[in-house]
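Just the heavy atoms: all of them, side chains too, but no hydrogens, waters or symmetry mates, feed the values below.
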Amino acid sequence: MDQEIVEGLPGRYWHPLEDGRIQCDLCPRYCKLKDGQRGLCFVRGRASDQIVLTTYGRSSGFCIDPIEKKPLNHFLPGTPVLSFGTAGCNLTCKFCQNWDISKARALDRLQDRASPEAIAEAAVASGCRSVAFTYNDPVIFLEYAVDVAQACRARGIKTVAVSAGYICPEPRHELFRHMDALYIDHKGFTENFYRNLCSGKLAAVLETLAYLKHETKVWFEITTLLIPDENDSEKEVEELTQWVMEHLGPDVPLHFTAFHPDFKMLDKPPTPPATLTMARRIAVKNGLRYAYTGNVHDEEGGSTYCHQCGSKLIGRDWYVMTAWNLTDDGRCKSCGTACAGVFDGPPGRWGAKRMPVRLKDFR
């Protein structure tokens, strides 16, 4: 932990210790800080007798994405989402695919300054139905994310959190009650995987998933990046999908996505498409209604099917929608069975394009 002059917005969720340090209670790391030290996330630090957030109102950039890129397949399909992140992360995943942002240790990367109101206005002006906190985990910039979510709600814009779910109970309640949808990046289904590759704990993430299902009404989907020889065995996929079925039920979508070599895991090969197909097959066998393959061209594995009659409800090839067989309120046009998710009218037509934007263009 570096020692320096730390400046920022006063943060929440911390308490003083008897030895003079301050403990951050935002995530299960419980960083214990002396004056001038930052936590592992880098963006929260101690300034005198409090914890501060150093990245409030600052972003690494804004981009309009398809909502399916988060990935969310059952939340306002086909619509554009205004996406942004800040810097830092509270996990240390060796396979991180946004490592240049999440592992950033220089705040001069944060070029765009934006108030919560400016972000909400940009979403309205650009025709986005939602704003996503992504690229790095919004858990570590909770105060900023909550303020943006409130500004968006006031303008009729929904908010999406892309998170690993590594957060303590009290801040978890505050952050997630302001969100309309969540994508939980579940890393692997063993404590060894979390400890050795992420320096985290699986149990804390499973607690978050159970909390979302049983104590909130927020829509959420789960993704697992399958890494060769690390978390891609049939046994582990069996255990994961059985746990999801038992604790979360059949309607929570589960995405299996392909790994590509990145950051500190350049020695691993990309995930074979057959591994994703195997995982999806096991998930369906174990009762999950909405299991997907991702980061590959696989229309069968990327599409949504009616669990009652088997009709294709939403056809997808990566981020491109190829078919639509739902009513405006999300029911199968063939048999009338409801598809789990958040649907509001016909699908959007944003497509697969990704468009970087500058907020000042919308002022």
Do the side chains of [X] and [Y] get close enough for a salt bridge, i.e. N-O under 4.0 angstrom?
{"X": "Asp65", "Y": "Lys353", "answer": "no"}
{"X": "Glu121", "Y": "Arg155", "answer": "yes"}
{"X": "Glu221", "Y": "Lys70", "answer": "no"}
{"X": "Arg316", "Y": "Glu300", "answer": "no"}
{"X": "Arg331", "Y": "Asp328", "answer": "no"}

Is there a donor-acceptor contact under 3.5 Å linking the side chains of [X] and [Y]?
{"X": "Tyr292", "Y": "Thr304", "value": "yes"}
{"X": "Glu299", "Y": "Thr322", "value": "yes"}
{"X": "Asp35", "Y": "Gln37", "value": "no"}

**Report entry** Plane angle bin for Phe343 and His74 - parallel if under 30°, tilted between 30 and 60°, otherwise perpendicular
**Finding:**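 Judged by the thresholds at 30° and 60°, the geometry between His74 and Phe343 is tilted.
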Requested in this report: Give me the ring orientation class for His247 and Trp243: parallel if the planes are under 30° apart, tilted from 30 to 60°, perpendicular past 60°.
Outcome: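 Rings of His247 and Trp243: parallel, under 30°.
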Query raised in the report: Hey, quick one: are Tyr13 and Tyr30 part of the same hydrophobic cluster, counting side-chain heavy atoms closer than 4.5 Å, chains of contacts allowed?
Result: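 Shared cluster, no.
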**Report entry** Nearest-0.5 Å distance that lies between atom OG1 in Thr79 and atom CG in Asp344
**Finding:**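 Rounded to the nearest 0.5 Å, the OG1-CG separation comes out at 10.0 Å.
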Query raised in the report: Just checking, Arg172 and Phe176: is the charged tip under 6.0 Å from the six-membered ring centre and within 45° of the axis?
Result: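 Output no; distance or angle outside limits.
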Requested in this report: Would you verify whether the NZ or CZ of Arg358 falls within 45 degrees of the ring axis of Phe62 while also being under 6.0 Å from that six-membered ring's centre?
Outcome: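 Verdict for Phe62: no cation-pi partner in Arg358.
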Query raised in the report: Glu238: what forms a salt bridge (charged side-chain N to carboxylate O under 4.0 Å, His left out) with it, not counting sequence neighbours?
Result: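 Expected list: Lys285.
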**Report entry** Criterion side chain to side chain contact (heavy atoms under 4.5 Å, CB included) on Thr224 and Thr257, from CA distance to verdict
**Finding:** CA-CA 6 Å; Thr224 293; Thr257 57; over 6 Å; no
